[in-house]
Amino acid sequence: MNNTSVTVKGYVVIVPRAMDERQARVAIVQDDVEYRVVPRGAGIDLDDEISTLVEATGLLEESDGLNYIMVRVFRALEDDSWLEE
């Protein structure tokens, strides 16, 4: 396992549990890249942040073409994208 520390910024989305062997329930999507959240540590709390823009820092692991992040810390961000319209 080669883990790399990363920070991702994106929206929290639901991942169907039947589709993920690591039991990830949510993912963070940044620039069309999905980072599945391993349900440990601070990642457990992301289950309550569906559709929220967050910035999360943790360890990234790539496995079978999927990105997994073990979140150490995250914060909810203000979504001001509507100002650009």
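For the numbers below, each heavy atom of this structure counts, side chains included, while hydrogens, waters and symmetry mates do not.
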### Task
Identify the residue among Val8, Val6, Ile28, Leu60 that makes a side-chain contact (heavy atoms from CB on, under 4.5 Å) with Asn67.
Leu60
### Query
Ile14: what forms a side chain to side chain contact (heavy atoms under 4.5 Å, CB included) with it, not counting sequence neighbours?
Ile50
### Summary
Closest heavy-atom pair, Glu49 versus Val12, reported as atoms and distance to 0.1 Å, is O-CB, 3.3 Å
### Query
Any chain of hydrophobic side-chain contacts (each under 4.5 Å) joining Val29 to Val71?
no
#### Entry: Distance-minimising heavy-atom pair for Ser51 and Tyr11
O-CD2, 3.7 Å
### Task
Taking all heavy atoms of Glu34 and all of Ala27, pick out the closest pair and write down the distance.
CG-CB, 3.5 Å
### Considering all heavy atoms, the nearest Ala76-Thr52 contact
CB-CG2, 3.9 Å
#### Entry: Gap between atom CD of Glu61 and atom OH of Tyr35 - 0.5 Å precision
14.0 Å
### Query
How many angstroms lie between CD1 in Ile69 and OG1 in Thr7, if you round to the nearest 0.5 Å?
7.5 Å
### Summary
Shortest non-hydrogen pair, Phe74 vs Ala42, comes out as CE2-O, 3.6 Å
#### Entry: Which residues share a side chain to side chain contact (heavy atoms under 4.5 Å, CB included) with Val73, sequence neighbours left out
Thr57
#### Entry: For the student: nearest non-hydrogen atoms of Lys9 and Gln30, plus distance
N-OE1, 2.5 Å
### salt bridge (charged side-chain N to carboxylate O under 4.0 Å, His left out) against Asp47, all qualifying residues, sequence neighbours excluded
Arg25
### Query
Transitively linked via ILVMFWY side-chain contacts under 4.5 Å: Tyr68 with Leu59?
no
